[in-house]
Amino acid sequence: MLAALSALTLLSATPGRVSAQATLHRVEGIAAVVGEIGQAQTIILRSDVDLRARMRLAGRTDAGALPLGPIPLDLQVATLEELVGETLIAMEAARVQIGAPTERDIARERARLTTLAGGPARLQELLAALGADVAEVEASALRRASVAVFLVANLDASLPSDAEVERVYEGGRHPFAGQPLDDVREALRAYLMQSKLETAVQRWVSTLRDRVTVRVHADFQPESA
């Protein structure tokens, strides 16, 4: 886990050699509005979608080749869905007053976002090239930390038992086929825990979308457009 200070210090450093690349115009406009008019609402900007998608691409591409070109349509759509899901759960956490995340919670999510983008230096380079601010990453970390606190309070966090691990292993529906159980037992347990978490999150998002209005304004265009 990265310490909170390390990410902020590196992200706040002088852009240096990437300043010449800071010519990409940021995407403007509203991507989606979550919540009812006149009540609690959160606006997701197209620039929010653009930044998160480019962070994901930056973590996949070679150092020195920033993802400043067109973003694939499927990634734009998936990223917006991801941000809508985070927003719905964060709003629900605020509604039920689940409790504010600690600085440790926020630091954990900040570190995960930094890792997503390929590390502190890579993220700093991307922010400079986009003309974005570290405060945008901080806002995302805070929202994701609120989501994490909510999920811990509402989901079954018990680890899969040895019997469950062995049953799934014997069933073969896992990515460790052909490997001895003793070698992959803990990896399979973590895989099952992650699958359980993802299923529960999807269920929460689906439930909240039935209760909270989500108006999508973004009309993403294919990469070739």
Side-chain angles (χ1 to χ4, degrees), residues 1-27 31 42 44-72 74-90 93 99-152 157 187 190-191 193-194 197-198 201 205:
M1 181 184 301
L2 296 179
L5 181 60
S6 63
L8 286 179
T9 300
L10 287 167
L11 292 176
S12 301
T14 302
R17 67 183 179 85
V18 301
S19 58
Q21 298 187 44
T23 57
L24 185 70
H25 293 294
R26 301 203 69 188
V27 179
T42 297
I44 301 173
L45 299 175
R46 290 183 63 108
S47 59
D48 297 330
V49 178
D50 184 78
L51 176 58
R52 179 70 66 85
R54 292 186 190 282
M55 286 171 63
R56 193 172 297 280
L57 289 173
R60 298 174 182 170
T61 55
D62 295 334
L66 288 176
L68 302 182
I71 299 173
D74 58 345
L75 179 57
Q76 290 179 312
V77 173
T79 301
L80 178 56
E81 285 297 305
E82 178 182 1
L83 293 178
V84 167
E86 288 178 8
T87 300
L88 283 167
I89 297 178
T102 65
E103 177 52 38
R104 184 176 181 179
D105 295 326
I106 299 169
R108 184 185 302 114
E109 296 306 321
R110 186 187 299 124
R112 286 172 175 166
L113 287 169
T114 301
T115 299
L116 176 71
R122 184 74 164 160
L123 179 53
Q124 174 201 339
E125 188 177 4
L126 179 64
L127 292 175
L130 294 176
D133 192 275
V134 68
E136 297 177 51
V137 179
E138 187 69 11
S140 289
L142 176 58
R143 182 179 63 250
R144 286 164 60 102
S146 297
V147 170
V149 170
F150 178 87
L151 294 177
V152 167
Y191 169 80
M193 188 65 187
Q194 181 64 29
L197 176 61
E198 290 174 357
V201 169
V205 171

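Scope of the values below: all heavy atoms of this structure, side chains included, with no hydrogens, waters or symmetry mates. The chain is numbered in sequence order, starting from 1.
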Might you point out which heavy atoms bring [X] and [Y] nearest each other, and give the distance in Å?
X    : Y    : value
L83  : T87  : O-OG1, 2.8 Å
R54  : P67  : NH1-O, 2.6 Å
T114 : P120 : CG2-N, 3.3 Å

Checking [X] now: which residues fulfil side-chain contact (heavy atoms from CB on, under 4.5 Å) with it, not counting sequence neighbours?
X    : value
V205 : L88, I89, V201, R209
D74  : P72
E198 : Q194

If the threshold is 4.0 Å, N to carboxylate O, is there a salt bridge linking D50 and R46?
no
Can a donor-acceptor pair be found between the side chains of T61 and R122 at a distance below 3.5 Å?
yes
Sorted by chain and number, sequence neighbours left out, side chain to side chain donor-acceptor pair (under 3.5 Å) with D48 holds for none
Pairwise salt bridge (Lys or Arg N to Asp or Glu O under 4.0 Å) hits with a residue in residues 143-152, at least two apart:
E82-R144, E86-R143, E86-R144, E109-R144
Value rounded to 0.5 Å, distance of CG in L126 from CG in L66:
6.0 Å
Kindly state each residue pair satisfying ring-ring contact (aromatic ring centres under 6.0 Å, His included) with at least one member in residues 121-150, sequence neighbours excluded.
F150-W204
